[in-house]
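Data first, discussion second: the structure below is written as structure tokens.
Just follow the structure's listing: the first ligand is 1, and inside any ligand the first atom is 1. Keep in mind it's a predicted model, so treat the numbers as computed, not measured.
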Amino acid sequence: MQSIRKRLSIILVSVSILALFLSTLLVNITISKTFNKYLVEIQNKRNTRIIKYLEDVYKKNGKWSESSGVEIMHEAYMSNYALTLRNGDKKVVWGMNPHDIVQNTDVNMNVKNEGVYTTSTFKIQSNDKIVGYLEIGQYGPVLLSSEDVNFKISVNKSIILSVILSILITVLISLFISKQFSNPIRQVSKISIDLSNGNYRVRSNHKSSILEFEDLRNSVNILGEKLQHQDAIRKRLISDISHEVRTPLNILQNNLEAMIDGIFQVDTERLTYLNEEVIRFGKLIDNLNALREVEGEKTALNMEQISFRDILLSVVKEFKIISQNKNIDMVLEYSTCKQYNIIGDKDKIKQVIINLISNAIKFTKEKGKINITLKESDEQVIMKIEDTGLGIKEEDLPYIFERLYRGDKSRHEIEGSGIGLTIVKNILTLHKADIKVKSEEGKGSVFTVYFNRIL
Ligand code: ADP
């Protein structure tokens, strides 16, 4: 198996080498063609110039002699082409030996002789009459001077150099690009492995400039956070529950053992006490069940339009006797002409009100007072429950909504499980509602709940 970095580098380098090869080939063909065309043009101009020269020579003398225009032989010899001058009857006036220019290569390194020797014949005219013929012979269709050859070599050299440079640059760039792709993937896969091994604290901090990789990184980080959160909840729940379960069990065990050993008498009072512990234990389990119901991420809510006032009235009615038994003056204030409509799950909202009122009664001493007021603002339905109870210590306030948290006094003097307010908070969060607490130790507490109102 190959790494993504290696695979990407190979692909990028191969594609660029292919592209470079094709463009080099095209550039080379184009340059050679244009250059050859240029050389042919120069050659044609040379031929026209020589013919013109010989026509002038003929015009001057009116006939051909062995010395007519021989001076151009030197240039021809130096430039590696052979000339043969013939008169009008095609008889040779003078001519060069093609063999000389082959040997000439050794003497004069200016010109290269390659290819087959070919000749071209041109007419020499005077007063529209053909007065002679000139044969120009050379090796190859075009003659290359050493400058031409050098030019061609240097062009090729530059092309080869640019190809080598381009390949080097491509390799470097592809290494860099493939690193940009492989690094985030490698990191995310490392984090996934860590998460699957139970190390939920790992996070990826290296941001990527590629949108999809950044999304992937964020998702894995969120996954890590959720797993860590769930793990913490699980661990805390297990330790909290085992602690809460251990206490009534210890009481039961110690009392039962004392009864078996004959230290305690088995009488109705002691049995009633033990039964109360069992009931408390049962309540704890019931509360845990209720908490589990509202804690699931996908808690099914039966949302509908409900009158908050009607639910509150029915709950207050249920608590009337309990509060009277404790001599607590429970007053409910609301406006009869308002409906206090909200969208919510009837049973869950009822649970919220029950938990808050039962706490108020529980933590308020005899002859205390509980004021429940229901108000409606432009956008909200607000329920306030004020009691003149024990109040909550300042240091306890931030934790009262936490699972199984119980205030100091409550833990020692008043029965409870520390789950009621956690359930309240969870239900309110599911309803996008809010709760605020104000409390002063020894004076009382105010719990205010804010719901979005239906207009
Ligand atoms: P529980 O009432 O079973 O102990 P809750 O979750 O309902 O658990 O409340 C958590 C804690 O918050 C209580 O133990 C108590 O210390 C404090 N608390 C809640 N409501 C009141 C109140 N009305 N007056 C005083 N303390 C309160």
**Request:** Could you list which atoms of ligand 1 come closer than 4.0 Å to a heavy atom of Lys362?
**Result:** 1 (P), 2 (O), 3 (O)
**Residue part near ligand 1, for Leu390, under 4.0 Å between non-hydrogen atoms** = neither
**Message:** I'd like to check which ligand 1 atoms, numbered from 1 as shown, lie under 4.0 Å from a non-hydrogen atom of Gly420.
**Reply:** 5 (P), 6 (O), 7 (O)
**Asked** Side-chain contact, heavy-atom cut-off 4.5 Å: Met383 with Thr373?
**Response** no
**Request:** Is it possible for you to check whether Arg46 lies under 6.0 Å from the centre of the six-membered ring of Tyr81, through NZ or CZ, and within 45° of that ring's axis?
**Result:** yes
**Message:** Please list, in number order, the atoms of ligand 1 under 4.0 Å from a heavy atom of Ile392.
**Reply:** 18 (N), 25 (C), 26 (N), 27 (C)
**Request:** Applying side chain to side chain donor-acceptor pair (under 3.5 Å), name anything that partners Gln253, two or more places apart in sequence or on another chain.
**Result:** Glu257
**Short N or O distance, Phe447 and ligand 1, threshold 3.5 Å exclusive** = no
**Message:** Out of all atoms in ligand 1, which are within 4.0 Å of some heavy atom of Ile419? Include the element for each.
**Reply:** 6 (O), 8 (O)
**Prompt:** Is a side-chain donor-acceptor pair under 3.5 Å present for Ser9 with Ser174?
**Reply:** no
**Request:** With sequence neighbours excluded, tell me which residues meet side-chain contact (heavy atoms from CB on, under 4.5 Å) with Lys152.
**Result:** Phe35, Asn36
**Prompt:** Purely on distance, is any nitrogen or oxygen of Asn359 under 3.5 Å from one on ligand 1?
**Reply:** yes
**Request:** Take the angle between the ring planes of Phe308 and Phe451 and call it parallel below 30°, perpendicular above 60°, tilted in between.
**Result:** tilted
**Prompt:** Nearest to atom 8 (O) of ligand 1 by heavy atom, Gly391, Ser445, Gly418, Ser358: which?
**Reply:** Gly418
